[in-house]
Asker: 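The structure follows.
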Amino acid sequence: MAGCRGSLCCCCRWCCCCGERETRTPEELTILGETQEEEDEILPRKDYESLDYDRCINDPYLEVLETMDNKKGRRYEAVKWMMVFAIGVCTGLVGLFVDFFVRLFTQLKFGVVQASVEECSQKGCLALSLLELLGFNLTFVFFASLLVLIEPVAAGSGIPEIKCYLNGVKVPGIVRLRTLLCKVFGVLFSVAGGLFVGKEGPMIHSGAVVGAGLPQFQSLSLRKIQFNFPYFRSDRDKRDFVSAGAAAGVAAAFGAPIGGTLFSLEEGSSFWNQGLTWKVLFCSMSATFTLNFFRSGIQFGSWGSFQLPGLLNFGEFKCSDSDKKCHLWTAMDLGFFVVMGVVGGLLGATFNCLNKRLAKYRMRNVHPKPKLVRVLESLLVSLVTTVVVFVASMVLGECRQMSSASQVGNDSFPLQVTSEEVNSSIKTFFCPNETYNDMATLFFNPQESGILQLFHQDSTFSPVTLALFFVLYFVLACWTYGISVPSGLFVPSLLCGAAFGRLVANVLKSYIGLGHIYSGTFALIGAAAFLGGVVRMSISLTVILIESTSEITYGLPVMVTLMVAKWTGDFFNKGIYDIHVGLRGVPLLEWETEVEMDKLRASDIMEPNLTYVYPHTRIQSLVSILRTTVHHAFPVVTENRGNEKEFMKGNQLISNNIKYKKCSILTRAGEQRRRSQSMKSYPSSELRNVCDEHVTSEDPGEKEDLLQQMLERRYTPYPNLYPDQSPSEDWTMEERFRPLTFHGLILRSQLVTLLVRGVCYSESQSSASQPRLSYAEMAEDYPRYPDIHDLDLTLLNPRMIVDVTPYMNPAPFTVSPNTHVSQVFNLFRTMGLRHLPVVNAVGEIVGVITRHNLTREFLQARLRQHYQTL
C-alpha cells in the first residue's frame, strides 16, 4: 500500500515539475539520479534491501579460519547435510498436514451438500442446499482472509516473493515462522472453501520458510526458546537452505524431486554450484518420500508401499485394452500440439493481462482502504464462485452416457485410484441411470478429481460443457488470484488447460474423424500449454509434468508445447510471477542484460554521491552518518591530499578528523553538513550555525571559540534531524568528486553492532586498546540487527573514536569505471553482491553500484540519456 501511494505521489510530482526537468541536461539528470519514465509504469522501489551473499573477509572471520582444519570442515559439511535432510522431512510433513485437513474438510462439505442436493432435488428445496454450501465456503474463506490480515505476506502463492529472495532481495517477513503458520492454515481454509486456488504454490513458499528458519534454531515469534547453535549465521548459508526448501516444496506438491531441483535453479537462485545441486536434490527426495510414506500409510494402510508420491498425482496414462487403434500420441499429433501451444500462450497472456489490471485496481482502490475491505472482497469472490459452481452444476450440465469402464472401474486410472474413488467423483445430479452430469462432475468435486476426470475419464464430455467450464473457470480463477488469501495457481491453470485440451480432442474426434486420438494426452498437453502460457516456465515445468505422469514418452510433446507457449506469451507480456514482482516494485535482476546495454560503462550507471567513513572516526560522526542516511554500506576511505603524510603513523591510517588542528575541525563539520544535506537532511541548528559561521567569518579566534562551545555541550552531543532542501546543485565539481583513497567496505549492521557493544577507544589511547569482537559476537543478532534509532545515545561518549579497520571488508569485489555493463551485471548477479565499488587505476573510489543501478528500468533510462548526449 505504501509503495503504491509512493509511486502515485512520484507520478504527481513528475506531472507538476515536468517543465523544470525538461530544462536539465542529461548530465545533470545522471548526477541527480533522476530519470524520465512512463507515467503508468511502476518503477523498482529503493527501499528494498539486498542480501549479503558475499563473504566479509575481516579480522574476526580470519580468526575463525585460523582455527579451521579439515576435521572441522567435514563436521560443518555433515551438519549441513543433516539440516538439508531435516528440511526435506519437515516440508513433507507440512504437505501431509495440509493435504489431510483439506481432504477432511472437503469430504465433510461435499458429503453434507451432496446429500442435501439428492434430497432436495425431489422436494424442491435446492435453495437450502445452496445456503449450506455458502455457509461452508464463506466460513472457510473468512478464516483464510483473517490469517492474511495477521501476516499480509502470507497472501498469494508466495512464489514471486521466494523468487525475489533467491535473486538477492530481502522481502520483509517472507521467511518468518508466523508467515509459515498463516500460510499453512490459510491455504488449508482457502482450498477447502471452494475458491479456484491450489495448495501447490503455497507449498513452495512453506518449504522455503522451513529452509530459512530450521537451521537458525530461533524465531522472533518464539523469543523465549533459544538454542546455542553457532552454525549458518549468514545470508549466504540461508540462501542455500531456502533454495533447498523451495525445491522440497515443489517435490512434495508434485512428487517431482528432479523438477523441484530444476525449479530452484531456473526460477530463483542467482548463484549455483555442484555441491548445492546435490544438497537440493537430496532435500527434494527426502520431502517426496516422507510425504509418500505417510500418505500411503494413512490412506491405504500399507505403510512403506510408497503409492502416492505427491499432493497432485496425474495417474498413469494408457489406452484402453479394447481399443487397438489407440496410441498415446503420434508424430502427426505434434502439429496439433504446436497449435495448442500457440493458443495456450495467447490464453496465458490474456490471463496475465487481465490479472495485472485487477491487481492495479486493487492497489488503487482496495489496499489503501481499511483492512476489512480486503476480507469483504474475499467473501464476495467466494460468494460469486459458490453460486456459479452450484448453478452451473444444477442447470448447465448435460447427461452423458457412462462408459463400461466407468461402471466397473476405469482401468486407465492409476493403481492407487480405486474404482470406488472413480465412481464417487462422478456426479449424477438430475440424470437417469447409467448417465452422469458432466458439468457437475467437473465443478462439484475437488480440483484434483476434476483434473483426473479430464485426463482419464473414457466417457465423453459435451463440447458445450467443456467450453462453458473453461470460460467460467478462466474468469473466476483470474479474479481470485490476488485476493487476500493464500492461493496457488498451478492447479487452477492445469484444470483450465485440461478442459481446453479435452475440448480440442473432442472436436478432432467428433468433427474431423481422427479416431486414433487419445483424449487424455490432449488434456495433458492443453494443461501444459495453458500453465506454460501463464507462468512461462520451461525446463522445470517440463520435468515436473513428466515426473507427475511417470511417462517419459511425453517428454517431447510437453517440451515443445511449453516452449511454444512461452515464446508466444513472451511476445505480449511477462509471466504472472514476474508481473506481480514488478507490481511490488522489487528490483529483480534478470539472467542477463540486453545487447545494447554494453554501450554503457560502469561510470555511466554508478552512484557518484558517496557517504563514507574514515578508518578512525568519532562516535559523533558515525551516529550522525547512520541517522542521516539510509545506506547499508559505507566505503572506508582517506582523503588523497598532499598533506596526508602529516596524519600517518607507520602503517596505521589516521585521517585529519582525529589528529586534528583546531582550525580544521570546522572544515570536517562543514563537510559533514554537506553529506547530510545530500541525503535531504542535516544536523541540528547548533552544528548548522557553526558551519554557517565558519563560512562567513575568517577570525581564527572566533572559530576556536565556536569549536570549544560545540565540544563542551556534552549533554546534547547528537543532533536532531529534520528535512531540508538539497543544495547539491550548488556544489562545485571539486566538492562533488573529492579524491578518496579506497580501503574497504563496512556495513551499517557492523557499525551499529560496534556502537551497541561499545567498541571504541579514547583519543589519549592507542587503537590497540579498543575491545575486539569475535565473529560469533558480530553475528549474534543475525538476521535482525539493532537499529541506530534504538540506540541509547546517553551511554556513548561522542568524542570516543571507533577503529573500523578490523571489521571492514578490506578486499571486496571492485570494477573499473570503464568496465562494460554486461561485465558489471554478470559479476554482481553471479557472485550475489550487495555493493560494488567503482575504483579507478590509482585506488580512488569514484562511485558505488547497487542492485538498483542494474535493474532493467534504470539501465534503459541511462541508455536513453546516453543517446541524447551523442
Asker: Quick check: do V113 and F444 have side-chain heavy atoms less than 4.5 Å from each other?
Answerer: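 The answer is yes, as the side chains (C-beta and beyond) meet within the 4.5 Å cut-off.
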Asker: Taking the side chain as every heavy atom from C-beta outward, state whether I576 and Y481 have any pair of such atoms under 4.5 Å apart.
Answerer: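 A side-chain contact exists here, since the closest heavy-atom pair is under 4.5 Å.
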Asker: Looking at V507, is its backbone amide N or carbonyl O close enough to the side chain of S510 to form a donor-acceptor pair, meaning the two atoms are under 3.5 Å apart?
Answerer: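 No; judged by distance alone, with no hydrogens or angles, the pair does not exist.
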Asker: So, do F289 and F293 have ring centers that fall under 6.0 Å from each other?
Answerer: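 Not under 6.0 Å, so no.
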Asker: Is there a side-chain contact between F105 and L188, using heavy atoms and a 4.5 Å cut-off?
Answerer: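 Contact flag for F105/L188 side chains = yes.
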Asker: Determine which pairs satisfy side-chain hydrogen bond (donor to acceptor under 3.5 Å, both in side chains) with at least one residue from residues 381-391, sequence neighbours left out, and list them in order.
Answerer: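 Of all non-adjacent pairs touching residues 381-391, those that pass side-chain hydrogen bond (donor to acceptor under 3.5 Å, both in side chains) are N137-T386.
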Asker: Between K356 and C353, is the side chain to side chain contact (heavy atoms under 4.5 Å, CB included) condition met? List the steps.
Answerer: CA-CA 5 Å; K356 181 179 181 180; C353 179; 5.8 Å; no
Asker: Among V464, L466, V471, which residue satisfies the side chain to side chain contact (heavy atoms under 4.5 Å, CB included) criterion with L468?
Answerer: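 Testing each of V464, L466, V471 against L468, the sole residue satisfying side chain to side chain contact (heavy atoms under 4.5 Å, CB included) is V464.
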Asker: Taking the six-membered ring for Trp, is the centroid-to-centroid distance between H456 and Y518 below 6.0 Å?
Answerer: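 Ring centres of Y518 and H456 not closer than 6.0 Å.
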Asker: Return yes when atom CZ of F143 has more than 12 non-hydrogen atoms of other residues, nucleotides or ligands closer than 6.0 Å, and no otherwise.
Answerer: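 12 or below, so no.
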Asker: Taking side chain to side chain donor-acceptor pair (under 3.5 Å) as the criterion, tell me which of N506, T441, D438 meets it with T465.
Answerer: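 So the option named by the test is D438.
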Asker: With no hydrogens and no angle check, is any side-chain donor or acceptor of S540 less than 3.5 Å from a backbone partner on G259?
Answerer: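 Checked: no pair found.
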Asker: List the steps, then state whether ring pair (Phe, Tyr, Trp, His ring centres under 6.0 Å) holds for F97 with F101.
Answerer: CA-CA 6 Å; F97 176 84; F101 281 99; 4.8 Å; yes
Asker: When the side chains of residues 553-567 are checked against the rest of the protein, which donor-acceptor pairs come out under 3.5 Å, sequence neighbours left out?
Answerer:
from : atom 1 : to   : atom 2 : distance (Å)
T553 : OG1    : E551 : OE2    : 2.8
Y554 : OH     : T521 : OG1    : 2.7
T561 : OG1    : P557 : O      : 2.7
K566 : NZ     : D570 : OD2    : 3.2

Asker: Checking E448 against K199 for the salt bridge (charged side-chain N to carboxylate O under 4.0 Å, His left out) test, could you report, in this order, the C-alpha distance in whole Å, the side-chain angles of both residues, the deciding distance, and whether it holds?
Answerer: CA-CA 11 Å; E448 291 81 2; K199 55 183 179 289; 2.9 Å; yes
Asker: When you check the side-chain N and O atoms of E161 and Y577, is any donor under 3.5 Å from an acceptor?
Answerer: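 The criterion, which ignores hydrogens and geometry beyond distance, is not satisfied for Y577 and E161.
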Asker: Does any non-hydrogen side-chain atom of L96 lie less than 4.5 Å from one of I298?
Answerer: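 The answer is yes, as the side chains (C-beta and beyond) meet within the 4.5 Å cut-off.
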Asker: Quick one, T350 and F572 - any side-chain contact, counting heavy atoms below 4.5 Å?
Answerer: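 In short, these two side chains do not touch, never coming nearer than 4.5 Å.
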Asker: Does any non-hydrogen side-chain atom of F189 lie less than 4.5 Å from one of V102?
Answerer: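 No, too far: nothing below the 4.5 Å cut-off.
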Asker: Kindly check if the number of other-residue, nucleotide or ligand heavy atoms within 6.0 Å of CZ (F136) is above 12?
Answerer: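 Result for CZ/F136: enclosed.
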Asker: Looking at CD1 of I204 and NZ of K183, how far apart are the two atoms once the value is rounded to the nearest 0.5 Å?
Answerer: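 Taking CD1 in I204 and NZ in K183, the distance rounds to 10.0 Å.
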Asker: Begin with the C-alpha distance, continue with both residues' side-chain angles, and end with the deciding distance and a verdict on side chain to side chain contact (heavy atoms under 4.5 Å, CB included) for F474 and L354.
Answerer: CA-CA 11 Å; F474 181 96; L354 294 176; 4.1 Å; yes
Asker: Where is the tightest heavy-atom contact between T568 and G341, given as atom of each residue plus distance?
Answerer: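 For T568 and G341, the tightest heavy-atom pair comes out as OG1-O, 4.5 Å.
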Asker: Identify the two heavy atoms, one from L454 and one from A498, that lie closest to each other, and give their separation to 0.1 Å.
Answerer: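 Smallest interatomic distance, heavy atoms only, reads CD1-CB, 3.7 Å.
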Asker: Would the distance check show the side chain of S206 and the main-chain N or O of P202 forming a donor-acceptor pair, the cut-off being under 3.5 Å?
Answerer: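 Flag set: sc S206 to bb P202 pair under 3.5 Å.
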Asker: In this structure, which one of W479, F351, F196 forms a ring pair (Phe, Tyr, Trp, His ring centres under 6.0 Å) with Y473?
Answerer: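 That would be F196.
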Asker: With a 4.5 Å heavy-atom cut-off, do H205 and I159 have their side chains touching?
Answerer: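 Side chain of H205 against side chain of I159, heavy atoms only: no contact under 4.5 Å found.
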Asker: Would you check if the side chain of S550 reaches a backbone N or O of I546 as a donor-acceptor pair within less than 3.5 Å?
Answerer: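 Such a contact is absent between S550 side chain and I546 backbone.
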Asker: Just do the side chain to side chain contact (heavy atoms under 4.5 Å, CB included) check on F100 and R295 with the steps written out, would you?
Answerer: CA-CA 9 Å; F100 178 81; R295 285 193 71 202; over 6 Å; no
Asker: Nearest heavy-atom pair of A349 and R536: which atoms, and what distance?
Answerer: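 Smallest heavy-atom distance, with atoms named: CA-NH2, 3.6 Å.
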Asker: How many angstroms lie between CZ in F522 and NZ in K509, if you round to the nearest 0.5 Å?
Answerer: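 Here the interatomic distance stands at 9.5 Å.
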Asker: If you count every heavy atom of other residues, nucleotides or ligands that lies below 6.0 Å from F110 atom CZ, does the total exceed 12?
Answerer: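 Counting other residues, nucleotides and ligands, CZ of F110 exceeds 12 neighbours.
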Asker: Can you tell me how far OG1 of T288 sits from CD1 of I258, rounded to the nearest 0.5 angstrom?
Answerer: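 Nearest 0.5 Å value for the CD1-OG1 distance: 10.0 Å.
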Asker: When rounded to the nearest 0.5 angstrom, what distance separates CG in L472 from CG in L442?
Answerer: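 It is 11.5 Å, given to the nearest 0.5 Å.
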Asker: Give the intermediate values and the outcome of side chain to side chain contact (heavy atoms under 4.5 Å, CB included) for residues F455 and R502.
Answerer: CA-CA 8 Å; F455 281 175; R502 191 73 184 240; over 6 Å; no
Asker: T549 side chain to L545 main-chain N or O, any donor-acceptor pair under 3.5 Å?
Answerer: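 Answer holds: yes.
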Asker: Nearest 0.5 Å, what's the CG-CD1 distance between L508 and I517?
Answerer: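 Those atoms lie 4.0 Å apart.
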Asker: What are the two closest heavy atoms between S284 and A248, and how far apart are they?
Answerer: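 Of all heavy-atom pairs spanning S284 and A248, the closest is OG-N, 3.9 Å.
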Asker: For the atom pair CG (L358) and CD1 (I483), what is the distance rounded to the nearest 0.5 Å?
Answerer: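 So the gap between those two atoms works out to 11.0 Å.
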Asker: Might you work through the ring pair (Phe, Tyr, Trp, His ring centres under 6.0 Å) test for F390 and F443, ending with a clear yes or no?
Answerer: CA-CA 8 Å; F390 190 87; F443 263 137; over 10 Å; no
Asker: Is there a side-chain contact between L503 and F461, using heavy atoms and a 4.5 Å cut-off?
Answerer: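 Not touching, per the 4.5 Å side-chain cut-off.
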Asker: Considering all heavy atoms of both residues, which atom of S493 and which atom of F530 are nearest to each other, and what is their separation?
Answerer: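 Heavy atoms only, the tightest pair is O-CD2, 3.3 Å.
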Asker: Which pair of heavy atoms, one from Q447 and one from L195, lies closest together, and at what distance?
Answerer: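 Closest pair (atom of Q447, atom of L195, distance): NE2-O, 4.0 Å.
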